[in-house]
Amino acid sequence: MNAFITVSKESALLQAQEIEAKGHDGPLAGIPIAIKDNISTKGIKTTCASKILTGYVPPYDAHVIEKLKSAGAIIIGKTNMDEFAMGSSTETSFYGTTLNPWDLTRVPGGSSGGSAAAVAGGEAPLSLGSDTGGQCAAPHRFAVWWG
């Protein structure tokens, strides 16, 4: 489906081991979550689906990522999107278009199409996207986002 740009298998396994070893009991303890590739994640490649940022690894987490980690969520990777979140179908991604897992003839959603496809396709139980042009406000998108 091309829902993910980056899969962070090694760091996700380390996070899971730390949660298990410490007995973390946060509300999201052990829950895997995919993150849209325009949200800063320390140590995980963040490209905004652009060739310009190929290989960029941020030195810090966005506040929302800090909150997710403190709640015990496990970041499993970065999802595909329209380049710099400017688009409505993921067709402008340097990494290729994301396919809609329910209907390959349709787009998976707005600029957060990778996040929607990851959940709808069963690749992640939870995914974080962003709202660039109002697409998250459309009621029909919530069914895909929250699965």
Side-chain angles (χ1 to χ4, degrees), residues 1-16 18-19 26-147:
M1 290 181 301
N2 202 28
F4 283 87
I5 291 175
T6 302
V7 175
S8 53
K9 182 179 177 179
E10 293 79 21
S11 67
L13 288 172
L14 285 173
Q15 288 175 48
E18 288 174 11
I19 288 169
L28 297 176
I31 304 294
I33 183 169
I35 307 296
K36 187 174 178 181
D37 198 36
N38 67 343
I39 300 171
S40 186
T41 48
K42 182 179 181 177
I44 302 173
K45 185 172 70 167
T46 301
T47 69
C48 293
S50 178
K51 182 179 180 180
I52 295 169
L53 292 176
T54 297
Y56 173 68
V57 179
Y60 60 90
D61 281 326
H63 184 67
V64 68
I65 302 302
E66 291 174 353
K67 292 294 212 179
L68 286 167
K69 286 181 177 179
S70 71
I74 298 173
I75 311 300
I76 60 170
K78 304 301 286 286
T79 58
N80 204 1
M81 56 184 274
D82 280 306
E83 186 174 19
F84 294 109
M86 301 306 287
S88 58
S89 62
T90 76
E91 292 171 305
T92 64
S93 171
F94 172 70
Y95 299 94
T97 302
T98 299
L99 301 176
N100 182 327
W102 292 350
D103 184 346
L104 300 178
T105 66
R106 296 175 185 248
V107 299
S111 66
S112 300
S115 292
V119 172
E123 294 181 342
L126 185 64
S127 188
L128 189 60
S130 67
D131 186 0
T132 307
Q135 71 269 18
C136 290
H140 67 280
R141 293 273 183 347
F142 285 116
V144 174
W145 280 82
W146 311 128

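Quick note: numbers below take in every heavy atom, side chains included, and nothing from hydrogens, waters or symmetry partners.
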Under 3.5 Å, is there a donor-acceptor pair between the D82 and T92 side chains? yes
Do you know the tightest heavy-atom contact between P101 and M1? CB-SD, 3.0 Å
Any side-chain heavy-atom pair from I35 and I44 closer than 4.5 angstrom? no
Between P108 and T98 the two heavy atoms that sit nearest each other are CD-O, 3.4 Å
Are the side chain of S8 and the backbone of I75 linked by a donor-acceptor contact shorter than 3.5 Å? yes
Considering residues, nucleotides and ligands other than I52, do more than 12 of their heavy atoms fall under 6.0 Å from its CD1? no
Inter-residue atom distance T46.OG1 - I39.CD1, 0.5 Å rounding: 9.0 Å
Gap separating the CD1 atom of I5 from the OG atom of S93, nearest 0.5 angstrom: 4.5 Å
According to the side chain to side chain donor-acceptor pair (under 3.5 Å) rule, which pairs have a member within residues 58-67, sequence neighbours left out? D61-K69
Taking only residues two or more places apart in sequence or in another chain, which ones pass side-chain hydrogen bond (donor to acceptor under 3.5 Å, both in side chains) with K45? none
Can you name the residues that form a side chain to side chain contact (heavy atoms under 4.5 Å, CB included) with T54, not counting sequence neighbours? K51, F94, Y95
Nearest-0.5 Å distance, OG of residue S115 to CD of residue E123: 11.5 Å
How far apart are the closest heavy atoms of N38 and S130, and which atoms are they? ND2-OG, 3.2 Å
Side chain proximity check, V64 to L128, heavy atoms < 4.5 angstrom: yes
Under the 3.5 angstrom rule, does the side chain of T47 hit a backbone N or O of L53 as a donor-acceptor pair? no
For K36 and S111, test the side chains for any donor-to-acceptor distance below 3.5 angstrom and give the result as yes or no. yes
Would you please name every residue forming a side-chain hydrogen bond (donor to acceptor under 3.5 Å, both in side chains) with T90, sequence neighbours left out? none
Minimum heavy-atom separation for I74 and A12, please, with both atom names. CG2-O, 3.5 Å
Do the side chain of N100 and the main chain of V107 share a donor and acceptor less than 3.5 angstrom apart? yes
CD1 on I19 to CG on L14, rounded to 0.5 Å: 11.0 Å
Atom pair CD/CD of Q15 and E10 - distance to nearest 0.5 Å: 12.0 Å
With sequence neighbours left out, what residues match E91 under side-chain hydrogen bond (donor to acceptor under 3.5 Å, both in side chains)? S89
Starting at CG of L126, measure out to CD1 of I33 and round the result to the nearest 0.5 Å. 4.0 Å
Non-hydrogen atoms of G129 and S112 that approach each other most closely: CA-OG, 3.7 Å
Side-chain (S127) to main-chain (A34) donor-acceptor, under 3.5 angstrom: yes
Quick one: list whatever passes side-chain hydrogen bond (donor to acceptor under 3.5 Å, both in side chains) with E83, sequence neighbours left out. S50
Do side-chain atoms of D37 reach the backbone of T79 as a donor and acceptor pair under 3.5 angstrom? no
